[in-house]
Protein chains: 2
Amino acid sequence: METMVSSASKQVTIGDQRPTVLIGERINPTGKKKLTAALQEGDLTLVREEATAQVKAGADILDVNVGVPGLDEVTLLPQAVQAVMEVVAAPICIDSSNVKALEAALQVYQGKALVNSVNGEERSLASVLPVVKQYGAAVIGLTMDEKGIPPTADKRLAVAQKIVEKAESVGIPREDVIIDCLALTVGADATAGMTTIETIRKVKAELGANITLGVSNISFGMPDRELLNSVFLAIAIAAGLNCPVVDAAKVRAAVLAADLSLGRDPNATRYIRGFRQRQKG
Amino acid sequence: METMVSSASKQVTIGDQRPTVLIGERINPTGKKKLTAALQEGDLTLVREEATAQVKAGADILDVNVGVPGLDEVTLLPQAVQAVMEVVAAPICIDSSNVKALEAALQVYQGKALVNSVNGEERSLASVLPVVKQYGAAVIGLTMDEKGIPPTADKRLAVAQKIVEKAESVGIPREDVIIDCLALTVGADATAGMTTIETIRKVKAELGANITLGVSNISFGMPDRELLNSVFLAIAIAAGLNCPVVDAAKVRAAVLAADLSLGRDPNATRYIRGFRQRQKG
């Protein structure tokens, strides 16, 4: 199953036989004081800089999130999306929990966007999916619902199933629903990583859907986070993860090594090119 | 299925629900001029030093190989095994293609050794397995035969099946046969990594046997070998690899991260302890 997203000038295709697609996570003010302050002043310079830097570091799609308490996302999100479109060709993952902001950003977006996100709550499904359908976008479905994040892989699979069925019922094809299997920190529960890996395997086997994941949660509170993130990411890719949400500068080397290990890099071309790019710095 | 090996004072158990067991690869003269020269002079100081250093770096079992063209392994291998037993408690993996040398080393070994190796050739099966049985050892079975290393996972599985059946027919229980799924370099064939991963999955699913692998071959001729080895190793562990043959100093951090990702490290105890040991240096 392949998911295509695009900008005005570039297509990115996500699928099991293809190299892993990286969704750059850095245009997001959560935990970033400088970016938060800039957004509060309506200054999008940092957003443009992060966009350019992430594409240079190997991001294929850019997540754009401007959620700062007190700020008007309905105005700011389309401006940020516009700013990113001006500086890079990478397709955008429009990221907000505010449906009006998603809609405003989809109106200005040129291409087929990825929307981040819908989840298994009835309210979310009812409000987000029609907008995704209207703009012909693809959407990320989080495997959580009214009761929070299910503790088992089977329950997360059930939420994924519900999201895919609901999307199909409003006319969104299954290939345009990318399931986020969710990662919690192994610091709180040592089985958290395995639960996510099992969810990935089951969603892939049962639904055939493409899969995303915000990987860095896994290592919250642990030492040597970059190592743990990279190793977990490699295992998740082998299990069926197609398009993780990551800091490309930090994990791309490991992702290229995983793709090479899994036979998705003929002649090791991307691995060797990535190595040379890192050497140049 | 669990495989137990031991020294006079220490047991090591290999199994799917347990942390990955590292077999230290460094007592092997192949490609090591200094060690080759020392062995030619009958000097085992370096062997002792490597034994101590590897255990400090986290090796659980030590492979001991003294194969140098022209040297009498039947005399030297038991001496090297004796030297290692004197300085560390880790069980030994006795490594030779010379059956007489294996037998001589097994005679002096105290504990239940791992023998490296038998393969699918009739001559190998007929000469090695009776010795393994006689000394109550465990044995590594290489998935290759008269025709070399099979290019597909199914054919490697067939060789593994043959080894396990032959072992059982001479009275060696299945849990005492550890299958080496063999890794070839991705530099020559970009599907080589995936073939090994598929072999691991199939051998685990069909035979339930524990699995070993010499990982470093995978990256031969590639840049950034340590990264590629670590990432491939993590993927292989998630697929079912239990006891890789490695340079523990180079890959242990990634292996601890893989075990933590896979829920085999309650409370992240080993991961955090490993981090602290690396910080102390």
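Below, read A as the first sequence line, B as the second, and so on, with proteins coming before strands; counting in each chain starts at 1. In what follows, every heavy atom counts, from backbone to side chain, and hydrogens, waters and symmetry copies are set aside.
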Next item on the list: Indicate the atoms forming the closest heavy-atom contact of A/Pro266 with B/Ala190, along with that distance.
Entry: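 Of all heavy-atom pairs spanning A/Pro266 and B/Ala190, the closest is CA-CB, 3.9 Å.
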Heavy atom to heavy atom, less than 4.5 Å: which residues from [range] reach chain A?
{"range": "residues 15-31 of chain B", "result": "none"}
{"range": "residues 231-248 of chain B", "result": "B/Val231, B/Phe232, B/Ala234, B/Ile235, B/Ala238"}
{"range": "residues 204-225 of chain B", "result": "B/Met222, B/Pro223, B/Asp224"}

Pick whichever of [options] has the most heavy-atom pairs under 4.5 Å with chain A.
{"options": "B/Asn267, B/Leu228, B/Ile272", "result": "B/Leu228"}
{"options": "B/Thr191, B/Thr195, B/Leu227", "result": "B/Leu227"}
{"options": "B/Gly263, B/Ala257, B/Ala258", "result": "B/Ala257"}

Over 12 foreign heavy atoms within 6.0 Å of [atom1], [X]:
{"X": "B/Lys32", "atom1": "NZ", "value": "yes"}
{"X": "A/Lys162", "atom1": "NZ", "value": "yes"}
{"X": "A/Lys155", "atom1": "NZ", "value": "no"}

Next item on the list: First locate atom CD1 of B/Ile197, then atom OG of A/Ser261, and finally report the distance between them rounded to the nearest 0.5 Å.
Entry: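 Here the interatomic distance stands at 7.0 Å.
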Margin query: What's the separation between atom CD in B/Glu198 and atom CG in A/Leu262, rounded to the nearest 0.5 Å?
Written below: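 With rounding to 0.5 Å, CD (B/Glu198) is 10.0 Å from CG (A/Leu262).
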Checklist line | Proximity breakdown for A/Arg278 and chain B, heavy-atom pairs closer than 4.5 Å | finding: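 The side chain, not the backbone.
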Margin query: List the residues meeting salt bridge (Lys or Arg N to Asp or Glu O under 4.0 Å) with A/Asp154, not counting sequence neighbours, and say none if there are none.
Written below: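 Partners of A/Asp154 by the salt bridge (Lys or Arg N to Asp or Glu O under 4.0 Å) criterion, ordered by chain and then number, come out as A/Lys202.
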Note to self: So which residue, A/Asp265, A/Asp189, A/Thr196, A/Leu260, ends up with the most heavy-atom pairs under 4.5 Å with chain B?
What the structure shows: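 Of the candidates given, the most pairs with chain B belong to A/Leu260.
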Notebook entry, point to check: Who among A/Ala254, A/Ala183, A/Ala268 has the most heavy-atom pairs with chain B under 4.5 Å?
Noted result: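 Ranked by heavy-atom pairs under 4.5 Å with chain B, first place is A/Ala254.
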Notebook entry, point to check: Got B/Val186 and A/Tyr271 here, is their nearest side-chain heavy-atom distance under 4.5 Å?
Noted result: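 No, every pair of side-chain atoms sits at 4.5 Å or beyond.
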